[in-house]
Amino acid sequence: MAPKRLLVGMTGASGSLLTIELLRSLSVLDEWETHFIMSRGGQMTMECELPERMGELLSLADYVYDNENIGAAIASGSFMTAGMVIIPCSMKTVAGVHSGYSDNLILRAADVTLKEGRPLVLVPRETPLSPIHLRNLYELSMMGVAVIPPMMTFYSGSQTVEEMAHHLVGKILDRLGIPAEYRRWDGC
Ligand SMILES: Cc1cc2nc3c(=O)[nH]c(=O)nc-3n(C[C@H](O)[C@H](O)[C@H](O)COP(=O)(O)O)c2cc1C
């Protein structure tokens with residue numbers, strides 16, 4: 001059985017709150033371990049969007065890695081995990097995963113996740129999407145990658161952006177088979 005370890009990458013797309021919400025949800029599940037990598041772009045967007053919460057973000061992860069450290073344990077398939085989530089995922093990182101161009105630890109860990117046949121979830125954020133973005137995401141989805149963009153949810157009764165983030169994270173955890181408590185659709 002795969003150990004309850006999840007790799008979490010944060011890249012330079014808007015949506016730092018989503019990373020905080022995912023790590024927060026996992027931090028209350030004692031048996032789950034998070035291994036967190038933030039790109040330089042992820043750091044920049046965090047500093048723009050939620051500068052006062054950087055310390056909190058880092059404290060929510062069990063292990064934090066330098067994105068330049070391509071020799072870290074998580075860069076190898078022999079480091080067993082239950083999968084990886086890249087949240088938010090920039091179009092540059094989407095392109096890197098799509099092409100297998102693994103020049104940083106996030107991309108290498110995603111490449112390893114794919115080659116080992118483990119679940120990979122991308123939370124891509126850009127709007128509008130160009131034909132290049134759509135092609136890359138489509139082809140990744142055909143390879144078995146779960147593409148879960150942060151779409152607004154109108155049916156869930158969410159009143160705040162935090163509630164929307166919580167709902168999205170519930171969908172991500174469902175995809176990975178990790179227990180999630182959020183308001184599920186049960187009809188009109
Ligand atoms: C404040 C800010 C917001 C950004 N938002 C997005 C975005 O929503 N989607 C995206 O694909 N790129 C966005 N970018 C551009 C990426 O950060 C940039 O392409 C970067 O090279 C991505 O590298 P990374 O994937 O290694 O983090 C944003 C950049 C900044 C500074």
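For ligands, and for the atoms within them, numbers begin at 1 and follow the listed sequence. The first residue in the sequence is number 1, and the count goes up from there. When reading the values below, keep in mind they use all heavy atoms of this one structure, side chains included, and skip hydrogens, waters and symmetry mates.
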- Query: Should Ile148 and Leu168 count as side-chain neighbours, where that means a heavy-atom distance under 4.5 Å?
  - Reply: yes
- Message: Taking 4.0 angstrom as the limit and counting only heavy atoms of Gly41, give me the atoms of ligand 1 inside it, by number and element.
- Response: 27 (O)
- Query: Does the N or O separation between Met44 and ligand 1 drop below 3.5 Å for any pair?
  - Reply: no
- Task: Run through Phe154, Tyr155, Trp185 and flag the one making a ring-ring contact (aromatic ring centres under 6.0 Å, His included) with His167.
- Result: Tyr155
- Query: Can you find a heavy atom in the side chain of Pro119 that is under 4.5 Å from one in the side chain of Arg175?
  - Reply: no
- In terms of residue, atom name and distance, what is the protein heavy atom nearest to atom 10 (C) of ligand 1? Glu126 OE2, 3.4 Å
- Note on the structure: Atoms of ligand 1 under 4.0 Å from any heavy atom of Ser39, numbered from 1 in the order shown, are 24 (P), 26 (O), 27 (O)
- Item | Close side-chain approach of His35 to Met84, heavy-atom, < 4.5 Å | no
- Query: Where is the nearest protein heavy atom to atom 8 (O) of ligand 1: which residue, which atom, and how far?
  - Reply: Arg125 NH1, 2.8 Å
- Query: With respect to Ile87, which candidate in Val123, Ile20, Val121, Leu23 satisfies the side chain to side chain contact (heavy atoms under 4.5 Å, CB included) definition?
  - Reply: Val123
- Task: Provide, to 0.1 Å, the distance between atom 5 (N) of ligand 1 and the closest protein heavy atom, together with that atom's residue and name.
- Result: Ser14 N, 3.4 Å
- Task: May I ask whether atom 18 (C) of ligand 1 is less than 4.0 Å from at least one protein heavy atom?
- Result: no
- ligand 1 N/O within reach of Asn104 N/O, cut-off under 3.5 Å: no
- Message: Given Gly9, Gly12, Cys89, identify the one with the heavy atom nearest to atom 4 (C) of ligand 1.
- Response: Gly12
- side-chain hydrogen bond (donor to acceptor under 3.5 Å, both in side chains) test vs His98 passes for just one of Glu139, His133, Arg135, namely Glu139
- Message: Within the structure provided, determine whether Pro149 and Arg125 are in side-chain contact (heavy-atom separation under 4.5 Å).
- Response: no
- Query: Which of the numbered atoms in ligand 1 are below 4.0 angstrom from a heavy atom of Lys92?
  - Reply: 21 (O), 22 (C), 23 (O), 24 (P), 25 (O), 26 (O)
- Short list, please: which atoms of ligand 1 are under 4.0 Å from a heavy atom of Met91? 10 (C), 11 (O)
- Does any non-hydrogen side-chain atom of Val112 lie less than 4.5 Å from one of Thr81? no
- Task: Run the numbers for me: atoms of ligand 1, each under 4.0 Å from some heavy atom of Thr93, listed by number.
- Result: 24 (P), 25 (O), 26 (O)
- Message: Looking only at protein heavy atoms, which one is nearest to atom 22 (C) of ligand 1, and what is the separation?
- Response: Ser90 OG, 3.6 Å
- Thr45 to ligand 1: N or O pair under 3.5 Å? no
- Are side-chain heavy atoms of Leu22 and Leu26 found at a separation under 4.5 Å? yes
